[in-house]
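Worksheet: the structure to be examined is printed underneath.
Naming: A, B, ... by sequence-line order, numbering from 1 per chain.
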Number of protein chains: 2
Amino acid sequence: MEGYDKHAFEPFAVTVDLAVFTVRAGALQVLLIERGQEPYAGCRALPGGFVLPKESAGTAARRELAEETGLSDVSGLHLEQLRTYSEPDRDPRMRVVSVAYAALLPDAPEPRGGGDAASAHWLPYDGLGPLAFDHERILADARERIGAKLEYTCLATAFCPPEFTLGELQQVYETVWGAVLDRPNFRRKVLATPGFVEPVPGAARLTGGRGKPAALYRAGDATALHPPLLRAAAGSPPPTTSPSPPASSSSSSTPTSSKGSSS
Amino acid sequence: MEGYDKHAFEPFAVTVDLAVFTVRAGALQVLLIERGQEPYAGCRALPGGFVLPKESAGTAARRELAEETGLSDVSGLHLEQLRTYSEPDRDPRMRVVSVAYAALLPDAPEPRGGGDAASAHWLPYDGLGPLAFDHERILADARERIGAKLEYTCLATAFCPPEFTLGELQQVYETVWGAVLDRPNFRRKVLATPGFVEPVPGAARLTGGRGKPAALYRAGDATALHPPLLRAAAGSPPPTTSPSPPASSSSSSTPTSSKGSSS
DNA sequence: TCCTTAATGGTCAGTACGACTATAAATCGC
DNA sequence: GCGATTTATAGTCGTACTGACCATTAAGGA
């Protein structure tokens with residue numbers, strides 16, 4: 001952009017929209033508000049708001065995150081810019097360009113407190129109805145981005161409390177990906193990645209529910225996963241190990257196998 | 001964002017900035033303009049411009065790409081939104097929010113023609129001096145993004161002409177990553193990925209220079225690489241094949257014995 | 001003609017990973 | 001208290017993937 005011609009551009013309103021995720025009760029949940037005014041009155045929407053004159057979009061996003069969740073300290077939460085949505089007609093009232101952010105929360109206190117948060121609630125991602133504006137698209141993009149980043153970053157720990165078990169970490173992957181992972185293999189992979197997690201020294205084992213108590217871990221100092229933890233390719237049948245997959249009824253093809261794994 | 005309060009926001013100027021890359025002469029090159037006016041007069045900058053009233057940012061980016069390169073048809077070129085830069089003081093004159101895009105060009109005709117393109121030129125990425133505004137940062141972000149996407153997408157073919165040799169494709173990887181790859185292994189990997197490249201039927205082999213002529217390939221219809229083509233981890237010494245690492249203290253894993261799990 | 005260069009074809013070992021079995025340590029039902 | 005159940009953890013085995021490396025082919029140049 002060379003010289004600025006004051007007549008060459010239209011002023012835009014700039015907002016941030018937040019896709020705030022958490023994993024609770026084995027489901028991926030999203031923080032949504034219910035709109036009270038037109039357009040889209042009564043419709044669910046992503047929390048967000050205007051970027052103030054002296055703010056960057058990132059600053060505005062973190063401010064909105066604090067306001068909407070009611071949390072006193074959001075400085076440690078993972079907040080990441082997704083992309084910017086700028087279709088001319090995305091808001092019927094005026095020209096609004098929105099910078100979308102994705103945020104990850106460890107656990108999910110029901111939001112309380114000021115501002116728009118009055119109407120903010122956690123809702124499961126699956127089965128959501130239509131959202132206001134282009135928020136459905138933004139939310140879908142956010143989920144895809146988060147899922148992809150689980151593969152090659154240590155982002156999953158951002159969904160976990162400061163100390164967590166490997167089972168909880170695995171649940172994050174399974175929930176976001178919508179897939180079931182093999183527990184011993186997941187464990188082997190995570191522990192083999194230096195800096196992903198580190199054991200809690202005191203080793204107070206968690207004995208909440210049934211079963212053998214699990215060891216506690218903290219997030220390590222690594223940020224990237226090398227090599228990555230790949231989710232299975234979309235339409236790829238599991239690389240058929242056994243030469244005869246559909247072994248009719250119950251005749252176990254190999255002396256050691258016959259777990260009837262894949263549905 | 002609930003109701004709009006006309007006094008709650010400041011109008012912003014919204015621009016697009018373009019990081020346009022090509023691979024030429026074994027070097028990664030970038031399209032830059034030279035600013036004629038203050039601020040940063042005489043300084044190099046990314047091409048870009050205002051988003052017009054009826055445009056989306058993506059539309060503006062493609063329009064600018066055509067204007068700056070002088071190419072008549074930019075519809076087939078890879079253009080991808082990077083992220084948005086919105087620091088309040090990033091432009092000393094006024095509040096400007098810029099949506100950055102990265103574009104990939106197969107070959108690099110020196111730009112000609114109208115508009116700002118008068119001063120647009122290809123320059124090697126390495127050894128660039130300082131750029132105007134925060135464009136240095138934008139360019140670095142763009143390069144990192146492109147490098148990362150080469151790992152798990154088929155993006156590299158966007159740098160190549162419609163028909164290319166595997167050597168040319170490998171050169172793209174080596175140039176963007178700044179690393180040297182083993183040619184037989186690269187070949188094996190690319191050909192083993194379905195849909196990455198497909199041989200040109202006529203199979204007119206390219207016999208330009210010395211050596212055995214290379215077969216020609218076209219980009220396939222795949223977009224993702226499964227599994228990815230990973231570049232070596234940053235600070236990882238190559239996984240010592242030789243049976244005697246630094247045979248000092250740490251006798252690492254013996255096949256059946258301690259797996260060295262806990263720290 | 002011999003040497004150089006570059007593309008292509010192949011081997012081999014180590015690692016990574018999926019599928020699976022086995023054991024340990026807790027709670028629950030009785 | 002005892003076994004069934006549940007969950008965590010340990011380990012095995014075979015295949016696929018990958019890096020390092022060698023061999024062959026087909027061109028150009030001295």
Whole-Å gap separating P (D:dA16) and NE2 (B:His226): 18 Å

Of all heavy-atom pairs linking B:Leu79 and B:Gly58, the shortest is CD2-O, 4.2 Å

Heavy atoms from C-beta onward define the side chain here; which of C:dA7, D:dA26, C:dA25 lies closest to that of B:Ala214? C:dA7

Partners of B:Asp73 by side chain to side chain donor-acceptor pair (under 3.5 Å), sequence neighbours excluded? B:Ser75

Can you give me the bend angle of the helix from C:dT1-D:dA30 to C:dC30-D:dG1? Use the axis through the first five pairs and the one through the last five, nearest 10 degrees. 0°

A:Gln170: side chain to side chain donor-acceptor pair (under 3.5 Å) partners, not counting sequence neighbours: A:Glu174

Residues 177-193 of chain B vs salt bridge (Lys or Arg N to Asp or Glu O under 4.0 Å), sequence neighbours excluded, gives none

A:Lys212 NZ to D:dA8 C1', in whole Å, measures 5 Å

Could you check B:Pro228 against A:Leu166 and say which one's nearest nucleotide on DNA chain D is further toward the 5' end? A:Leu166

Using atom types as modelled, flag every donor-acceptor pair under 3.5 Å from a side chain in residues 195-202 of chain A to any protein atom, sequence neighbours excluded.
none

Can you name the residues that form a side-chain contact (heavy atoms from CB on, under 4.5 Å) with A:Ala19, not counting sequence neighbours? A:Phe21, A:Leu139, A:Ala142

Taking only residues two or more places apart in sequence, or in another chain, which ones meet A:Thr84 in a side chain to side chain donor-acceptor pair (under 3.5 Å)? B:Thr84

Note: for B:Arg210 and B:Pro227 on DNA chain D, the residue whose nearest nucleotide lies more 5' is B:Pro227

Taken to the nearest 0.5 Å, the spacing of A:Ile146 CD1 from A:Leu150 CG works out to 7.0 Å

Please list, by residue number, the residues of residues 147-162 of chain A whose heavy atoms come closer than 4.0 Å to an atom of DNA chain D; answer none if no residue qualifies. none

With sequence neighbours left out, write down each residue that passes side chain to side chain donor-acceptor pair (under 3.5 Å) with B:Arg145, or none if nothing qualifies. B:Glu80

Go through residues 177-190 of chain A and report each residue with a non-hydrogen atom lying under 4.0 Å from DNA chain C, sorted by number. A:Asp182, A:Pro184, A:Asn185, A:Arg188, A:Lys189

Scan residues 215-231 of chain A for pairs that pass salt bridge (Lys or Arg N to Asp or Glu O under 4.0 Å), counting only residues two or more places apart or in two chains. A:Glu144-A:Arg231, A:Glu151-A:Arg231, A:Glu163-A:Arg218

To the nearest angstrom, the CZ-P distance between B:Phe164 and C:dA7 comes to 14 Å

Pairwise ring pair (Phe, Tyr, Trp, His ring centres under 6.0 Å) hits with a residue in residues 139-182 of chain A, at least two apart: A:Tyr152-B:Tyr152, A:Tyr173-A:Trp177, A:Tyr173-A:Phe186

Rounding to an integer number of Å, can you tell me how far A:Leu230 CG sits from C:dG18 C1'? 13 Å

